[in-house]
Number of protein chains: 2
Amino acid sequence: MSAAPSIPPGSDPVVEVIRAAIVRGDHVPDQRLVEVDLAERFSVSRGAVRSALLQLGNEGLVERIPNRGARVRAVPPAEAIEITEVRMVVEGLCAAKAAQRVTDAEIAELREIRAEMIAAVEAGEVVIYSRLNNRLHRRLVELSGQATTGGALERLRGQSVRHQFRLALQPGRPAVSLPEHLAIIDAVCGRDPVAAEQAARGHLGSVIHALRMSADTASSRAS
Amino acid sequence: MSAAPSIPPGSDPVVEVIRAAIVRGDHVPDQRLVEVDLAERFSVSRGAVRSALLQLGNEGLVERIPNRGARVRAVPPAEAIEITEVRMVVEGLCAAKAAQRVTDAEIAELREIRAEMIAAVEAGEVVIYSRLNNRLHRRLVELSGQATTGGALERLRGQSVRHQFRLALQPGRPAVSLPEHLAIIDAVCGRDPVAAEQAARGHLGSVIHALRMSADTASSRAS
DNA sequence: CAGGGCAGGATTGGCGACAATATCGTTGCC
DNA sequence: GGCAACGATATTGTCGCCAATCCTGCCCTG
């Protein structure tokens, strides 16, 4: 394995573990994160947990109130939409760049992902599809060669994973997102920057639309 | 000058002080940042400095090598260009949103900035103009109502301030950027989202072009 | 019975000291 | 004369303790 794990080097392992625990859903939004609990849970010192929570705090994953501790932040739907809007334009840019720089080997890799996605949807394997989804988006940004951008996007995405995931589980959702994903892949493999940008924008635009619907039904159901 | 609480809330004051010192140029790129030096320089404990460097590290302003300390990161021109490309699309989005949401009072404020910019350029006050420039960009993002986006942009911008500033000092540069800024302001004040997005993109596209030229001359001069 | 004040417990914040590690200068050897 | 190993120093990383702050439940009072 050659290279480049997405956020590997230098990043505190404790941060990764806690982040993973939150993303995985071990901790629900608004749940308190007590330093000593986490410390003995992961068998590390309290200082390590402390600095990890600090970092996760300014990544926006947890909310830190002075003298009152940290809790996992509940990202409101409006903010998830906002984040996705930014992703729409930035990933559009990245898709265009990727289309310009993609190599033959990378095209083969994308085609492989493409085939796996189709297979996953046909088999009704939503969680596999969801994972391929993340992998595709991340790989496209990597292919664009924009390292700094990738970091910023990763952080943004981290805050909306929960919403993204809930969306992916909606029945019928894969059927609409699959062709959009295929369009992105085809445009990049065809080395057509304009089409790639349009396809990426179109896809995330569709995600935004779905998020809006989801937010509406949630609020009306609450009444 | 009262207060420009650009990133005020909750943020550790020590982080702000060190960040300001770096941005101001007190520390040149690649210069080592020794914890105890900074600690006594700012009359705070080493722990405070330590956690501040941690945070600045994952903001990308300083580079931290394990067991070897922190140094202010030298942002290569290619990366400054990359960052500006992202700003181009994101601030384009924000300008469009701002054009939709701007209030009459805010339009008056923008017109005031507009007048000050023209005056600064006519008077040849480049540093005042540069400051107005930053204020305009920041205000536009605020007006778009995208808080999370604003944070991400702020972080990105922090890494390229040095390049931005050097650019602003180039003779003839204000003459080309001023009309672009005016176009953005006019589009937003005219509540025309499409024009605002185009204007913002055009402006940052021009900045990218200038950065490329600057990078070229710098590399040829180095030979 | 309701409201306000008060103590007890729990949790975070900060500080200092100690241990681990890298860097640099020196010395000795080939 | 150059190179390698070694020791001294400077700097970072981590741990444990104590002070500050906040929340909870209880008791006293009106």
Side-chain angles (χ1 to χ4, degrees), chain A residues 5 7-22 26-75 151 158-159, chain B residues 5 7-22 26-75 151 158-159:
Chain A
I7 319 182
S11 200
D12 190 338
V14 182
V15 175
E16 300 307 320
V17 172
I18 299 181
R19 195 210 316 271
I22 294 178
D26 289 3
H27 305 278
V28 299
D30 277 344
Q31 178 177 345
R32 288 194 61 184
L33 297 172
V34 179
E35 294 179 359
V36 350
D37 289 354
L38 297 175
E40 65 183 28
R41 169 103 96 85
F42 300 121
S43 304
V44 295
S45 80
R46 192 168 77 96
V49 171
R50 180 175 183 71
S51 92
L53 288 179
L54 239 348
Q55 174 159 346
L56 292 173
N58 70 39
E59 276 183 32
L61 251 164
V62 311
E63 186 181 16
R64 281 178 37 83
I65 308 168
N67 286 325
R68 291 226 265 145
R71 49 188 69 222
V72 359
R73 197 166 82 91
V75 178
Q159 298 181 41
Chain B
I7 321 181
S11 199
D12 188 338
V14 182
V15 175
E16 300 307 319
V17 172
I18 299 181
R19 194 209 317 270
I22 294 177
D26 288 3
H27 306 278
V28 299
D30 277 345
Q31 179 177 345
R32 289 194 61 184
L33 297 172
V34 179
E35 294 179 358
V36 347
D37 288 355
L38 297 176
E40 65 183 27
R41 169 103 97 83
F42 300 122
S43 304
V44 295
S45 81
R46 192 169 78 94
V49 171
R50 179 174 183 72
S51 92
L53 288 179
L54 240 349
Q55 174 159 347
L56 292 173
N58 72 37
E59 278 184 30
L61 251 162
V62 311
E63 185 181 15
R64 281 177 39 82
I65 307 169
N67 286 323
R68 291 224 265 147
R71 49 189 67 221
V72 358
R73 197 166 82 91
V75 178
Q159 299 181 38

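A quick note: this is a predicted structure, and the numbers were derived from the prediction, not measured. Order of the sequence lines sets the chain letters (A, B, ...), proteins ahead of strands, with each chain counted from 1.
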For atom [atom1] of [X] and atom [atom2] of [N], their distance in whole Å:
X	N	atom1	atom2	answer
Arg32(B)	dA10(D)	CZ	P	12 Å
Glu35(B)	dG13(D)	CD	P	6 Å
Gln31(A)	dT11(C)	CD	P	14 Å
Leu54(B)	dT11(D)	CG	P	19 Å

Do any N or O atoms from the side chain of [X] and from the backbone of [Y] form a donor-acceptor pair under 3.5 angstrom?
X	Y	result
Arg64(A)	Leu53(A)	no
Arg73(A)	Gly60(A)	yes
Gln159(A)	Glu59(A)	yes

Show me the protein contacts with nucleotides 14-21 of chain C, counting only N or O atoms at under 3.5 Å.
from    : atom 1 : to       : atom 2 : distance (Å)
dC15(C) : OP2    : Ser45(B) : OG     : 2.6

### Query
NA contact type, Leu33(B), heavy-atom cut-off 4.0 Å: base, sugar-phosphate, or nothing?
sugar-phosphate
### side-chain N/O Arg64(B) vs dT11(D) OP1/OP2, d < 4.0 Å
no
#### Entry: Where Ala70(A) and Val62(A) come nearest, the two heavy atoms and their spacing
CB-CG2, 4.4 Å
### Task
Any chance you could measure Asn58(B), atom CG, to Gln55(A), atom CD, to the nearest 0.5 Å?
4.5 Å
### Message
As an exercise, state the distance from CG of Asp12(A) to CG of Leu54(A), rounded to the nearest 0.5 Å.
### Response
11.5 Å
